[in-house]
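Following: one structure in structure tokens, then a few remarks.
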Amino acid sequence: MQLAIAVQQHEDLYFTNLSYNLLRIRKERNLSQEDMATLCNVERSKIGKMENKRIDPRLTTLIALARGLNIDITELLKAPLEDQSQKNENGSN
């Protein structure tokens, strides 16, 4: 049972990080969802659903996003900076 809870928490964190990072990158680059979709060859509706944590994107979609945005795929999945700084302050990575 504890394993199932841990997996669910990990999935929730994954969706939260992806959602946050997609929106952050899109806003930093002053892109609309349509612009990002065209740039990455991904449906616009998928961009919106990922930003709102409503779909679980396939690996091929994450790769397309990373390539289209010219970033490493880890940029899409990493914890937001404020979370990383809190972890560093608490002595964990």
If we check side-chain contact (heavy atoms from CB on, under 4.5 Å) with Thr61, which of these qualifies: Leu59, Ile63, Leu65? Leu65
For the residue pair Ala64 and Cys40, what are the closest heavy atoms and their distance? CB-O, 3.5 Å
Please report the interatomic distance OH(Tyr20) to CG(Leu77), rounded to the nearest 0.5 Å. 14.5 Å
Hey, could you give me the CG/CD distance between Asn21 and Glu28, rounded to the nearest 0.5 Å? 9.0 Å
So which atom in Leu18 and which in Pro57 form the shortest heavy-atom distance, rounded to 0.1 Å? CD2-CG, 3.5 Å
CZ of Arg67: more than 12 outside heavy atoms within 6.0 angstrom? no
Looking at Phe15 and Ile55, what are the two nearest heavy atoms and their distance? CE2-O, 3.3 Å
Nearest non-hydrogen partners of Ala66 and Asp72, listed with the distance: CB-C, 4.3 Å
Atom pair CZ (Arg54) and OG (Ser19), whose distance is rounded to the nearest 0.5 Å: 10.5 Å
Please tell me whether Leu31 and Val42 are part of a single hydrophobic cluster in this structure, the criterion being side-chain heavy atoms less than 4.5 Å apart. yes
Residue pair Arg44 / Gln33: nearest heavy atoms and the distance that separates them: NH1-OE1, 2.7 Å
Let me confirm one number: the CZ-CD distance from Arg24 to Glu75, rounded to the nearest 0.5 Å. 6.5 Å
Is it true that atom CG of Asn52 has more than 12 heavy atoms of other residues, nucleotides or ligands lying nearer than 6.0 Å? yes
To the nearest 0.5 Å, tell me how far Asn17 CG sits from Leu76 CG. 10.5 Å
Taking all non-hydrogen atoms of both residues, which atom of Met36 and which atom of Leu22 are closest, and how far apart? CE-O, 3.8 Å
Taking the side chain as C-beta and beyond, is there a heavy-atom pair between Met50 and Ile47 under 4.5 Å? yes
Glu34 side chain reached by Thr38 side chain, heavy atoms, under 4.5 Å: yes
